[in-house]
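Taking it in order: structure first as structure tokens, then the write-up.
The structure presented is a predicted model; accordingly, all values stated were derived computationally and were not measured. Proteins get letters first, then strands, A, B, ... in listed order; numbering begins at 1 in each.
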Amino acid sequence: MKVIEVKNLSKSINGNQVLKDVNINVEEGQIYGFLGRNGAGKTTTLRTILGLLKQDAGEVKIFGSNISFEHFSDVGVVFEYETLNPDWSVIDNLRQTCYIYSIDEREIFKFLKIFELEENDLKKRFSALSKGMKRKVSLISALLPNPKLLICDEPTSGLDPEMQINIRNILVNFQANGGTVLFSSHNLYEVQKISNRVGIIQKGETLIEVDLKEPLYYLEGNFNELAERKVRGKDYYIIPESEFKLHNVENVKPVKDLEELYLLVTGGKDEVVEINQN
Amino acid sequence: MKLWKLIKIESKNFLKSSFFSFIFLVALLMILYRAIGDIPNAMSDKNILYFYFFTTLISSSYATAFLFLINIDRDKMNNVYHRYFVLPVKPHILFAIKLSAPVFSSLLISLIFSILSYQKFSMLNTHLIILSILDTFIFIIGIYFVFFSLELMMKNLTSVAVVRFLLIYLFSYTPSYLLRKGISINTLIYTLVIFSILVFVVGIYLISHIDPEKVVLS
């Protein structure tokens with residue numbers, strides 16, 4: 001079952017075309033990594049999926065229908081920036097979520113151990129928390145109503161490596177309990193690490209969407225044989241290793257040490273380095 | 001949704017963050033109350049006296065709204081309202097809950113001020129005083145909704161703040177200016193009533209038509 005279906009999404013803001021023909025298909029139970037550099041259109045896409053921005057063209061469906069406020073009973077959202085009340089205590093922020101969703105506020109305490117928080121942390125003002133702690137509280141707030149779908153915009157951005165691993169583990173656990181995740185990131189390694197499916201956006205266009213059954217490779221060279229995989233004539237091509245022979249691919253080499261994920265780009269390696277900057 | 005618990009938690013946190021605003025407002029209204037002094041006894045025309053009472057009430061209630069709306073500015077700058085559009089309750093209901101504490105506080109302060117002033121305006125008919133209080137309540141709710149909606153959707157918060165500030169003078173000086181111009185007192189009273197109702201209607205319209213795109217991009 002498709003949880004999110006985005007077809008040919010286009011959006012202009014103040015006369016600038018920010019998105020053109022963006023396509024995203026997220027199946028139930030997947031972790032979908034939405035990868036792109038800063039300014040590529042990730043946040044605009046997620047905001048349009050959430051109904052915060054109106055699309056100029058294209059179609060967005062969540063659980064098979066157009067987004068409305070009723071959907072948010074089943075959709076947890078974590079923004080790139082914090083949106084909880086900064087002057088309120090952590091517990092009051094979480095209580096507010098409980099009251100909105102009519103949840104027993106004792107549920108809050110079930111999350112403390114999972115998120116490695118202490119009861120004392122609940123009394124602290126939200127604005128007094130570290131960035132990583134704030135992100136954890138925002139995630140608790142999103143997960144309290146037990147949503148089926150979690151949408152996170154750059155959930156690990158600006159966090160230290162240990163906290164990034166914590167957050168990634170939380171997303172993986174959510175999936176293991178039957179949830180579906182759509183998250184954006186500019187960190188290729190991170191996307192590769194936890195996603196089942198990846199969509200790559202560049203300059204407002206989806207370059208490719210692919211299931212991550214095996215490591216992905218960006219390739220450089222003459223790709224006339226790859227016409228069917230060519231993405232609107234752009235510089236990037238992505239194919240799994242198993243298709244190398246099929247497409248007579250040669251000259252495959254890794255760019256930087258990215259574990260299983262190697263990048264090779266027709267437009268030059270500088271582009272790759274930027275994608276991986278964090 | 002647990003409505004009363006939501007209102008309670010909003011009120012608790014509003015009172016915490018607005019404690020000094022409360023002290024300041026009470027002091028301000030005490031000054032205003034003293035400034036009224038013996039003016040009512042010096043007025044022989046009951047209509048003018050009523051108009052004076054009515055405009056004082058409107059101006060003082062506006063002053064409370066002006067001060068309490070500062071909290072809303074801060075929340076907007078912290079992107080707190082973006083979350084309101086991704087919750088399973090219609091955003092305008094959540095906005096109304098958010099505003100319930102400051103609105104109620106303004107209503108309460110206006111009511112206390114009216115009761116205190118009642119001694120000085122005792123020569124007025126009670127039903128006229130009650131009518132003014134009700135009209136002021138409508139005005140307060142309307143003015144909160146109007147400014148809240150505009151602040152959420154507009155990029156330039158400073159311009160909204162300037163307008164809010166200038167309105168204090170407008171509410172204070174316009175009535176006496178119009179009186180001096182010789183406009184009939186009944187016309188002025190009716191205009192004030194219609195104006196309050198208009199502010200209320202516009203406020204309700206604006207708060208139920210807040211465009212998330214404008215909020216997110218502002």
Side-chain angles (χ1 to χ4, degrees), chain A residues 11 13-14 18 43-44 46-56 62 67-89 91-105 125-127 134 138 141-142 144-145 147 149-151 153, chain B residues 1-21 68 70-102 152-153 155-156 208-218:
Chain A
K11 173 72 187 166
I13 296 173
N14 298 328
V18 184
T43 298
T44 306
L46 295 189
R47 282 175 168 177
T48 312
I49 289 172
L50 292 168
L52 294 169
L53 301 178
K54 279 177 260 164
Q55 69 262 38
D56 300 333
I62 290 192
I67 188 82
S68 75
F69 74 94
E70 285 122 339
H71 278 105
F72 292 110
S73 304
D74 294 323
V75 182
V77 180
V78 178
F79 289 93
E80 186 183 2
Y81 39 83
E82 306 309 333
T83 57
L84 294 175
N85 296 285
D87 297 330
W88 291 23
S89 64
I91 186 81
D92 276 356
N93 269 302
L94 296 176
R95 274 182 186 142
Q96 187 192 36
T97 304
C98 291
Y99 300 154
I100 289 169
Y101 287 88
S102 299
I103 305 164
D104 187 335
E105 55 190 276
R125 262 164 76 116
F126 184 72
S127 59
K134 280 181 187 166
S138 297
S141 178
L144 260 170
L149 168 66
L150 188 61
I151 297 180
D153 191 4
Chain B
M1 184 176 62
K2 296 177 179 174
L3 182 66
W4 290 113
K5 284 194 168 181
L6 270 173
I7 292 174
K8 214 169 111 181
I9 202 165
E10 287 285 356
S11 306
K12 183 185 105 181
N13 284 288
F14 169 76
L15 290 173
K16 250 196 220 172
S17 62
S18 305
F19 179 74
F20 290 108
S21 302
F68 290 145
I70 291 169
N71 286 341
I72 307 293
D73 294 355
R74 211 171 47 212
D75 284 345
K76 179 196 161 108
M77 290 197 284
N78 287 313
N79 299 316
V80 167
Y81 299 109
H82 292 196
R83 181 168 166 257
Y84 284 48
F85 296 103
V86 293
L87 292 170
V89 180
K90 285 184 177 171
H92 65 266
I93 295 172
L94 293 170
F95 293 141
I97 293 168
K98 183 85 194 167
L99 288 174
S100 61
L152 244 59
M153 289 191 284
K155 273 186 184 169
N156 191 345
S208 50
H209 288 82
I210 290 178
D211 183 356
E213 181 158 327
K214 285 186 176 157
V215 178
V216 168
L217 297 179
S218 67

_A/Ser138/B/Arg83 under side chain to side chain donor-acceptor pair (under 3.5 Å): CA gap, chis, key distance, verdict_ = CA-CA 11 Å; A/Ser138 297; B/Arg83 181 168 166 257; over 6 Å; no
_Criterion side-chain contact (heavy atoms from CB on, under 4.5 Å) on A/Leu149 and A/Asp74, from CA distance to verdict_ = CA-CA 6 Å; A/Leu149 168 66; A/Asp74 294 323; over 6 Å; no
Between [X] and chain A, which part of the residue has a heavy atom less than 4.5 Å away: side chain, backbone, both or neither?
| X | answer |
| --- | --- |
| B/Tyr84 | side chain |
| B/Lys98 | side chain |
| B/Ile97 | neither |

_Heavy-atom pair count under 4.5 Å with chain A, highest-scoring of B/Val86, B/Asn79, B/Asp75_ =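 Looking at each of B/Val86, B/Asn79, B/Asp75 in turn, B/Val86 comes out on top.
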*Using distance alone, with no hydrogens and no angle criterion, decide if A/Gln55 and A/Thr48 have a side-chain donor and acceptor under 3.5 Å apart.*
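No pair is found: no donor N or O on one side chain lies under 3.5 Å from an acceptor on the other.
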*Decide whether A/Asn85 and B/Asn13 meet the rule of one side-chain donor and one side-chain acceptor closer than 3.5 Å.*
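Side chains of A/Asn85 and B/Asn13: no pair found under 3.5 Å.
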_Residues B/Lys76, B/Asp73: salt bridge by 4.0 Å N-O rule_ =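 No.
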*Considering all heavy atoms of both residues, which atom of B/Leu87 and which atom of A/Phe72 are nearest to each other, and what is their separation?*
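Shortest heavy-atom contact: C-CB, 3.6 Å.
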*For B/Ser18 against B/Phe68, the heavy-atom pair lying closest together*: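 Nearest pair, atom of B/Ser18 first, then B/Phe68: CB-CE2, 4.2 Å.
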*Positions in residues 210-218 of chain B that reach chain A, provided some heavy atom is under 4.5 Å away*: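 Within residues 210-218 of chain B, the residues that come under 4.5 Å of chain A (heavy atoms only) are B/Asp211, B/Pro212, B/Glu213, B/Val216, B/Leu217.
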*So, the side chain of A/Ser102 versus the backbone of B/Met1: is there a donor-acceptor pair under 3.5 Å, distance only?*
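Confirmed, A/Ser102 side chain pairs with B/Met1 backbone.
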*Reported OG-to-NZ distance for the pair A/Ser89 and B/Lys12, which is rounded to 0.5 angstrom*: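 So the gap between those two atoms works out to 5.5 Å.
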*Does any heavy atom of chain B fall under 4.5 Å from the side chain of A/Ser141, the backbone, both, or neither of them?*
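Only the side chain of A/Ser141 comes within 4.5 Å of chain B.
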_Region of A/Ile13 that comes under 4.5 Å of a non-hydrogen atom in chain B_ =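 Only the side chain of A/Ile13 comes within 4.5 Å of chain B.
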*With chain B, which of A/Val77, A/Leu50, A/Ile67, A/Leu52 has the greatest number of heavy-atom pairs at distances under 4.5 Å?*
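Answer, by heavy-atom pair count under 4.5 Å with chain B: A/Leu52.
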